[in-house]
2 protein chains.
Amino acid sequence: MARLLIVEDDPDTNDSICEYLKGAGHQVHAAFDGQQALDLFESFPIDAIVLDIMLPKLNGMEVLREIRQSSDVPVLMLTAIKDEQTQIASFDGLADDYITKPCSIVLLGKRITALLRRAGKGKDVRSWEWKDLAVNFYAYTAYKGNEPIDLPQKELRLLKFLIDNQGLVLTRNQILDELWGLESPESDRTIDLYISRLRNKLGIDCIKTIKGIGYKLEGSE
Amino acid sequence: MARLLIVEDDPDTNDSICEYLKGAGHQVHAAFDGQQALDLFESFPIDAIVLDIMLPKLNGMEVLREIRQSSDVPVLMLTAIKDEQTQIASFDGLADDYITKPCSIVLLGKRITALLRRAGKGKDVRSWEWKDLAVNFYAYTAYKGNEPIDLPQKELRLLKFLIDNQGLVLTRNQILDELWGLESPESDRTIDLYISRLRNKLGIDCIKTIKGIGYKLEGSE
DNA sequence: TCACACATGATAAATTGATGACACATTCAG
DNA sequence: CTGAATGTGTCATCAATTTATCATGTGTGA
């Protein structure tokens with residue numbers, strides 16, 4: 001699931017794109033001119049933009065330029081203009097992809113997915129699996145094989161933090177900040193304790209100690 | 001600058017792509033069949049791949065699948081196949097982009113740049129590389145080629161320091177200052193020891209002794 | 001050519017300090 | 001009150017680091 005902004009002046013085209021992407025599980029905002037696109041972008045959190053070039057009020061290139069003043073959000077240009085200079089100008093304006101109409105709506109979806117994946121929007125993992133372990137952050141449940149594991153809040157949050165940063169080393173301080181914020185416990189032992197509890201409950205040794213630094217979750221990359 | 005792998009069986013096409021990308025400041029490896037692509041990918045650190053589909057030995061889809069077993073490197077499919085199913089299959093196989101030939105070489109460059117920019121986000125800034133050695137301070141890992149090397153903190157920092165100053169001689173005092181600061185150990189032997197451990201673990205003899213002065217990492221001179 | 005001094009390499013042993021394990025204290029909800 | 005979740009303190013263990021010791025190599029002057 002991602003929050004998408006579709007900018008396209010033709011109502012029919014806009015509508016069918018939106019419907020398809022909603023069906024694919026995304027949350028979709030529709031804009032029909034450049035100014036509206038900027039307004040919507042200001043008002044809602046947006047993960048990626050599909051942007052036509054020929055638009056009323058502000059054209060797509062201007063919208064792109066405006067957005068890039070303040071944001072690195074992924075932008076996919078979708079336009080009837082096949083001219084190479086326009087494509088080059090789009091990429092120079094830091095667009096992420098460029099598709100010419102007419103275009104298969106399925107492929108558009110695939111390209112959006114690829115872009116989101118690369119942009120790291122898939123980073124906020126809602127579920128995670130590794131070997132016979134599975135964690136679901138919607139239901140806040142964890143499974144080892146088919147056995148549910150009982151993980152109290154802190155342990156689950158620690159696990160999620162590790163998963164969100166899998167492969168990267170987290171220092172004790174980072175973990176303290178994330179789980180406790182200001183009201184950190186005194187003792188360094190506390191973190192070791194939670195790590196140790198997680199290791200016991202998970203069974204597999206997927207949490208690695210970096211002595212003198214912190215811990216990291218083995219990447220499943 | 002990025003390290004690119006171009007996989008394309010037609011020598012002329014391959015060559016002209018490589019030349020153009022070299023001209024754009026990249027470091028380029030060329031592969032002419034699928035197996036060679038995998039071999040090169042194993043042997044060198046690669047930042048992005050341009051991958052044809054119709055290839056001798058292993059076709060592009062198989063190469064993609066193989067690479068995605070172990071790596072999230074950006075992959076741009078470049079092929080004469082216009083068929084939608086193939087495009088969909090590519091994106092489902094976690095390709096990042098798909099271009100059909102013939103294609104403007106300038107646009108190819110632009111798309112590679114866009115992809116690298118997007119993939120570089122959140123990438124490890126604190127990463128040092130020299131030949132087939134790489135040190136990553138986010139993950140606290142070191143790699144020789146694609147093999148991870150287990151390096152404790154001090155050894156990792158020493159390696160980083162050497163890579164940072166490749167080709168320059170570092171005196172024992174400089175190394176002491178960098179790694180220990182004020183709380184330097186008494187014994188001069190300590191440094192020799194770490195150097196010796198690094199040499200063992202790295203395998204290749206890339207650390208040169210300058211008698212009476214210190215050590216240096218062989219430059220590319 | 002042959003000692004000799006000196007710098008470095010290699011190895012083992014000692015030391016230090018971080019971590020893992022566990023028992024227990026505290027808090028909080030029902 | 002009871003039980004679960006969370007936090008603290010202690011101590012044994014183990015790995016990283018350091019020291020100590022001896023072997024090896026290299027250049028110098030007799």
Side-chain angles (χ1 to χ4, degrees), chain A residues 135 140-142 148-162 169-218, chain B residues 135 137 139-142 148-162 169-218:
Chain A
V135 180
Y140 263 64
T141 49
I149 314 176
D150 191 31
L151 288 185
Q153 197 225 99
K154 278 259 160 58
E155 294 173 32
L156 200 74
R157 287 211 290 147
L158 172 57
L159 180 55
K160 176 164 162 51
F161 191 43
L162 286 167
V169 175
L170 300 173
T171 66
R172 288 192 162 64
N173 276 333
Q174 286 176 306
I175 296 177
L176 278 180
D177 282 356
E178 173 72 19
L179 270 78
W180 284 271
L182 296 173
E183 305 166 27
S184 303
E186 290 297 307
S187 160
D188 264 24
R189 294 278 66 79
T190 301
I191 293 183
D192 300 17
L193 183 63
Y194 278 95
I195 293 284
S196 147
R197 284 181 186 153
L198 268 188
R199 286 211 258 238
N200 279 330
K201 293 192 184 175
L202 299 186
I204 334 178
D205 187 22
C206 47
I207 303 174
K208 194 172 172 188
T209 302
I210 314 294
K211 275 192 96 157
I213 310 291
Y215 300 91
K216 79 170 175 181
L217 189 69
E218 298 278 2
Chain B
V135 176
F137 272 82
Y140 263 88
T141 50
I149 317 175
D150 190 34
L151 290 185
Q153 209 214 118
K154 280 255 162 61
E155 293 173 33
L156 200 77
R157 289 209 289 145
L158 173 56
L159 178 55
K160 179 239 157 190
F161 191 44
L162 286 167
V169 177
L170 299 172
T171 67
R172 288 192 161 65
N173 274 334
Q174 285 176 307
I175 296 177
L176 278 180
D177 281 356
E178 173 74 16
L179 290 182
W180 285 270
L182 297 174
E183 306 166 26
S184 302
E186 292 296 308
S187 158
D188 263 25
R189 294 276 67 78
T190 302
I191 294 184
D192 300 17
L193 185 62
Y194 277 99
I195 292 285
S196 144
R197 283 185 192 150
L198 269 188
R199 280 182 178 146
N200 279 328
K201 294 192 184 176
L202 299 186
I204 17 172
D205 185 23
C206 47
I207 303 175
K208 197 170 172 187
T209 303
I210 315 295
K211 278 193 85 158
I213 312 288
Y215 300 90
K216 79 168 178 182
L217 190 68
E218 298 277 9

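The chains referred to below are lettered A, B, ... by the order of the sequence lines, with proteins before strands, and numbering in each begins at 1.
Contact between Lys201(B) and Asp150(B) at its shortest, heavy atoms only, is NZ-O, 3.2 Å. In plain terms, the two heavy atoms of Glu218(A) and Lys208(A) that are nearest each other are OE2-CD, 3.5 Å.
First and last contacts of DNA chain C with chain B, using any nucleotide atom under 4.0 Å from a protein heavy atom and ordered 5' to 3', fall at dA7(C) to dT11(C).
Put simply, CD1 on Ile210(A) is 10 Å from P on dA16(D), counting in whole angstrom units. In this structure, the CG atom of Leu198(B) is 11 Å from the P atom of dT17(D), given to the nearest Å. Spacing between atom NZ of Lys201(A) and atom C1' of dA4(D) amounts to 10 Å, rounded to whole angstrom units. Taking atom CZ on Arg197(B) and atom P on dA16(D), their separation rounds to 9 Å, with Å as the unit. As rounded to whole Å, 10 Å separates atom P of dG7(D) from atom CZ of Arg157(A). If you measure from atom CG of Leu179(B) to atom P of dA16(D), you get 16 Å, rounded to the nearest angstrom. Distance CG (Asp150(B)) to C1' (dA16(D)): 11 Å, rounded to an integer number of Å. The interatomic distance linking Leu158(A) (CG) with dG7(D) (P) rounds to 12 Å, in whole Å.
Note on Arg172(A) versus Asp192(A): salt bridge recorded, some NZ/NE/NH1/NH2 to OD/OE distance being below 4.0 Å.
Arg199(B) comes within 4.0 angstrom of sugar-phosphate atoms only, judged by non-hydrogen atoms across all strands, and of no base.
Residue Tyr140(B) holds its OH atom at 12.5 Å from CG of Leu170(A), rounded to the nearest 0.5 Å.
Here the side chain of Lys216(A) pairs a donor or acceptor atom with the backbone of Ala139(B) at under 3.5 angstrom. When atom types are taken as modelled, the side chain of Gln174(A) and the backbone of Thr171(A) share a donor-acceptor pair closer than 3.5 angstrom. Of the possible donor and acceptor atoms, one in the side chain of Arg199(B) sits under 3.5 Å from a partner among the backbone N and O of Ile207(B). In terms of modelled atom types and a separation under 3.5 Å, the side chain of Ser187(A) and the main chain of Arg189(A) share a donor-acceptor contact.
For dT6(D), the OP1/OP2 oxygens have no side-chain nitrogen or oxygen of Trp180(A) closer than 4.0 Å. Residue Lys211(B) places none of its side-chain N or O atoms closer than 4.0 Å to OP1 or OP2 of dG25(D). Contact check, Tyr194(B) against dA16(D): no side-chain N or O comes under 4.0 Å of OP1 or OP2.
Near-neighbour residues of DNA chain D inside residues 185-193 of chain A, defined by a heavy atom below 4.0 Å, number-ordered: Pro185(A), Glu186(A), Ser187(A), Arg189(A), Thr190(A), Leu193(A).
Applying the ring-ring contact (aromatic ring centres under 6.0 Å, His included) rule to pairs touching residues 176-205 of chain A yields Trp180(A)-Tyr194(A), sequence neighbours excluded.
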